[in-house]
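None of these values were measured; they are calculated from a predicted model.
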Amino acid sequence: MFDGPEPIYLQIAQMIRAQVLAGELGEEEQVMSTTQFATTFRINPATAAKAFAELVDEGVLYKRRGLGMFVSPGAREKLLGEHRRRYFDEVLDPALLQADILGIPTADVVAYVLGRSGSAIDGSATDGSATDGSTSDRLEPKGP
């Protein structure tokens, strides 16, 4: 199961983050103990404990003494905020820089994005422009 290039504890932490983001683990919901995790996935309990410690440090999980680990209140919103920031930093900012390099005005980028809303469902854009994959009408620089 854990066959990625990252250390297993990081893969475990990412799996739990994904479950929180997807709503599979809700606020105040108990997660498997390190022993259960180790037994279920046949890993060293210390590896699971390291993943849980990382999630506690991040504020995604918290420990109730004698009861186990639980999802922290607000954990999903915290993770969503981090993923949104990362999206802007890693995806959108480089795309906007590339648009600047290509001479595409910001207004054209905005018009393109707004024209795509709803187009994936029925193939028609909300602004009446074509959605056949041709973007030249909407992306050509305007004016002199």
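Within the model, atoms CG of Leu79 and CG of Leu21 stand 4.5 Å from one another, a figure rounded to the nearest 0.5 Å. Summarising the geometry, atom CG belonging to Leu61 is positioned 8.5 Å from atom CG belonging to Leu25; distances are rounded to the nearest 0.5 Å.
Sorted by first then second residue, the side-chain hydrogen bond (donor to acceptor under 3.5 Å, both in side chains) pairs that include residues 89-100, not counting sequence neighbours, number zero. Pairs engaging residues 65-80 under the salt bridge (charged side-chain N to carboxylate O under 4.0 Å, His left out) rule: Lys78-Glu82 [sequence neighbours left out]. Applying the salt bridge (charged side-chain N to carboxylate O under 4.0 Å, His left out) test to every pair with at least one member in residues 54-64, sequence neighbours left out, gives these pairs: Arg17-Glu54, Arg17-Glu58, Glu28-Arg64. Listed by first and then second residue, the ring-ring contact (aromatic ring centres under 6.0 Å, His included) pairs that reach into residues 8-34 come to none, sequence neighbours excluded. Screening residues 10-39 for ring-ring contact (aromatic ring centres under 6.0 Å, His included), with sequence neighbours left out, gives Phe37-Phe41, Phe37-Phe52.
Listed by chain and number, the residues in a side chain to side chain contact (heavy atoms under 4.5 Å, CB included) with Asn44 are Ala46, Thr47 (sequence neighbours excluded). For the side chain to side chain contact (heavy atoms under 4.5 Å, CB included) test, residues two or more places apart in sequence or in another chain that qualify with Val91 are Tyr87. Residues forming a side chain to side chain donor-acceptor pair (under 3.5 Å) with Gln11 (at least two apart in sequence, or on another chain): none. Residues meeting the side chain to side chain donor-acceptor pair (under 3.5 Å) test with Glu29, sequence neighbours left out: none. With sequence neighbours excluded, the residues satisfying side chain to side chain contact (heavy atoms under 4.5 Å, CB included) with Thr39 are Thr35. Qualifying side chain to side chain contact (heavy atoms under 4.5 Å, CB included) partners for Ala99, counting only residues two or more places apart in sequence or in other chains: Ile104, Val109.
In this structure a side-chain-to-backbone donor-acceptor pair under 3.5 Å is missing from Glu27 to Ala75. Between the Gln30 side chain and the Leu67 main chain, a donor and an acceptor come within less than 3.5 Å of each other.
One hydrophobic cluster holds both Met32 and Met15 under the rule that ILVMFWY side chains link at heavy-atom gaps under 4.5 Å.
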